[in-house]
Trainee: 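Have a look at this one before I ask anything.
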Amino acid sequence: MKIGYPCLNRTLSCSSARTFRLRSYSEERLVSTVKNNLECLTNILKYNKDHTILFFRITSDLVPFASHPVNKVPWQRHFRDTFARIGRYIKKHDMRISMHPDQFTLLNSVDRSVLRRSLKELKYHAEILDLMQLDTTAKIQLHVGGVYGDKTASMKRFALRYLRLEPTIRRRLVIENDHRNYSIADCISLSRTTGIPVVFDVFHHRVYNNGEGINPSLNHVCKTWHKRDGLLMVDYSLQKRSGITGQHAESININNFRKFLQSTKSYDFDIMLEIKNKEQSALQAIRCARTDQRFVRGNGHV
DNA sequence: AGGTGTCAAGCGTCC
DNA sequence: GGACGCTTGACACCT
């Protein structure tokens, strides 16, 4: 079991997601921003290693406008060595990496131009992980997408397009249940017809489910991950206490987290903590998991 | 220096 | 069929 956090580190004073407005686009600006972002990513991974945080989600903003037509910079070639060096570091320290394209990436869109842009965006994400020369346990997680008034048809469209993806994308793509349209049962059903691994989002599942419990879901979901995919990934977050639905909490509730670990102890998985104070929650969670031998899973480390 | 409207990209809901 | 909420961090312009 590895525990991690997404994209940003609030302790370090750098950001690996620096960007700029399209209006101020220039090749120089792009190159200097990517250079900054890769340097910061290096710092974050070093921080993670020093604190034994072995799971991390790399921001989609690493290369601004990566899939935008305005961008003609061959950034892949330009930063090839840097990507390779970062990849070596990740592998050397046995870290797990994920990425999560944002809401505009929709594989099942009914709009062909949205699909076309989404494919470019997926290609970009795969390129990042390929340039780092990471194996296929490094995943790109995506929601199933829109419903477009016909869920069955929209799921079929996802399946068809997934199966036709170029292998460099398909081997990394996994789906995740969302809080409104596609439940964990829907994702499992899609996995049955396509073989795609399913990320289990505990928070979304609490908000939107078909009445199935966490453990029965985990039981199904962990079978969708094969050896080449690595350990099942779980997203863990909680509701902000103010009561506004969907917003992520500021910090982890360690008692609830302990209960979660305890109640799911027969399964092994890597946990991504989607909590605003990021690495602080990860540090707490790791400490919590370590204090109790019952939470130490199959591979002996948390 | 600090505050805030806006940002490449979409879906779903409400009217 | 148009406006808005969603969720989020950072830019860039404003005072």
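All chains are named by letter (A, B, ...) in the order of the sequence lines, taking the proteins before the strands, and each is independently numbered beginning at 1. Atoms considered below: every heavy atom in the structure, side chains included; atoms not considered: hydrogens, waters and symmetry mates.
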Trainee: Does the aromatic ring of F104(A) sit over the six-membered base ring of dA9(B), closer than 5.5 Å centre to centre and tilted less than 30°?
Mentor: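 F104(A) ring centre within cut-off of dA9(B) base, planes near parallel; stacks.
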Trainee: Quick one: label R10(A) by what it contacts on the DNA or RNA (base, sugar-phosphate, nothing), any heavy atom closer than 4.0 Å.
Mentor: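 It contacts sugar-phosphate atoms only.
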Trainee: If I take atom CG in residue D102(A) and atom P in nucleotide dC6(C), what distance separates them, rounded to the nearest angstrom?
Mentor: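 D102(A) atom CG is separated from dC6(C) atom P by 18 Å.
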Trainee: What is the distance from CE of M155(A) to P of dC11(B), rounded to the nearest Å?
Mentor: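 Spelled out: CE on M155(A) to P on dC11(B) is 18 Å.
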Trainee: Measuring only between side-chain heavy atoms, which start at C-beta, is N219(A) closer than 4.5 Å to N215(A)?
Mentor: no
Trainee: Would you name the heavy atoms of S183(A) and N210(A) that are closest together and state the gap between them?
Mentor: OG-ND2, 3.3 Å
Trainee: Using a 4.0 Å heavy-atom cut-off across all strands, classify S109(A) as base, sugar-phosphate, or nothing.
Mentor: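 Sugar-phosphate: the residue S109(A), judged by heavy atoms under 4.0 Å, touches backbone atoms but no base.
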Trainee: Nearest whole angstrom, please: distance from the C1' of dT7(C) to the NE2 of H100(A).
Mentor: 12 Å
Trainee: Counting heavy atoms from C-beta on, name the nucleotide in dG12(B), dG10(B), dG9(C) closest to the side chain of R180(A).
Mentor: dG12(B)
Trainee: Would you check if the distance from the ring center of Y182(A) to the ring center of Y208(A) is below 6.0 Å?
Mentor: no
Trainee: Can you measure N37(A) atom CG to dA10(C) atom P for me and round it to whole angstrom units?
Mentor: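 Taking atom P of dA10(C) as the reference, CG of N37(A) is at 11 Å.
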Trainee: Taking the side chain of K276(A) as its heavy atoms from C-beta onward, which of dG10(B), dG12(B), dG9(C) lies nearest to it?
Mentor: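 So the side chain of K276(A) is nearest to dG9(C).
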Trainee: Do the charged groups of D201(A) and R206(A) touch, with an N to O distance under 4.0 Å?
Mentor: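 No.
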Trainee: Contact class for Y148(A) vs. all strands (heavy atom < 4.0 Å): base, sugar-phosphate, or nothing?
Mentor: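 If one applies the 4.0 Å heavy-atom cut-off, Y148(A) turns out to touch the sugar-phosphate alone, with no base involved.
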Trainee: Rounded to the nearest 0.5 Å, what's the gap from NE2 on H143(A) to CD on Q141(A)? Could you check?
Mentor: 7.5 Å
Trainee: Measure the acute angle between the ring planes of F158(A) and Y162(A), then classify it against the limits of 30° and 60° as parallel, tilted or perpendicular.
Mentor: parallel
Trainee: According to a strict under-4.0 Å criterion, is R29(A) in side-chain N/O contact with OP1 or OP2 of dA12(C)?
Mentor: yes
Trainee: For residues 15-24 of chain A, which residues have at least one heavy atom under 4.0 Å from DNA chain C?
Mentor: S15(A), R18(A), T19(A), F20(A), R21(A), R23(A), S24(A)
Trainee: Would you measure the distance from the P atom in dG2(B) across to the matching atom in dT8(C) and give it in whole Å?
Mentor: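 Result for the P pair: 25 Å, nearest Å.
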Trainee: Let me know the distance between CG of D111(A) and C1' of dG10(B), rounded to the nearest Å.
Mentor: 9 Å
Trainee: Just the rounded figure in Å: distance from P of dG9(C) to CG of L62(A).
Mentor: 17 Å
Trainee: When the distance from CG of N9(A) to C1' of dG9(C) is rounded to whole Å, what number comes out?
Mentor: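 Between C1' of dG9(C) and CG of N9(A): 15 Å.
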Trainee: With P as the reference atom in both, quote the distance from dC11(C) to dG10(B) in angstrom, rounded to an integer.
Mentor: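 Pairwise P distance, dC11(C) against dG10(B), rounds to 23 Å.
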Trainee: Measure the distance from CG on L30(A) to P on dA8(B) and round it to the nearest whole Å.
Mentor: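 My rounded result for the distance is 14 Å.
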Trainee: Rounded to whole angstrom, note down the C1' distance from dA10(C) over to dC11(B).
Mentor: 24 Å
Trainee: Looking across every strand, which nucleic acid part, if any, lies under 4.0 Å from V70(A) by heavy atom: base, sugar-phosphate, or nothing?
Mentor: nothing
Trainee: When the P atoms of dG3(B) and dT7(C) are considered, how many whole Å apart are they?
Mentor: 25 Å
Trainee: For K46(A), is there an ion pair with D50(A) - N to carboxylate O distance below 4.0 angstrom?
Mentor: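 Salt bridge between D50(A) and K46(A), a charged N being under 4.0 Å from a carboxylate O: yes.
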Trainee: Assess whether a salt bridge exists between R117(A) and E121(A), defined as any Lys/Arg side-chain N lying under 4.0 Å from an Asp/Glu carboxylate O.
Mentor: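 Not counted as a salt bridge, because no side-chain N and carboxylate O are separated by less than 4.0 Å.
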Trainee: Quick one: do D186(A) and K151(A) make a salt bridge, cutoff under 4.0 Å?
Mentor: yes
Trainee: Could you run through DNA chain C and flag its stems, i.e. three or more consecutive Watson-Crick or G-U pairs with both distances under 3.5 Å?
Mentor: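 Runs of three or more consecutive pairs: B:1-7 with C:9-15, B:10-15 with C:1-6.
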Trainee: Strictly below 4.0 Å, N to O, side chains only: are R18(A) and D61(A) in salt-bridge contact?
Mentor: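 Looking at R18(A) and D61(A), the cut-off is not met.
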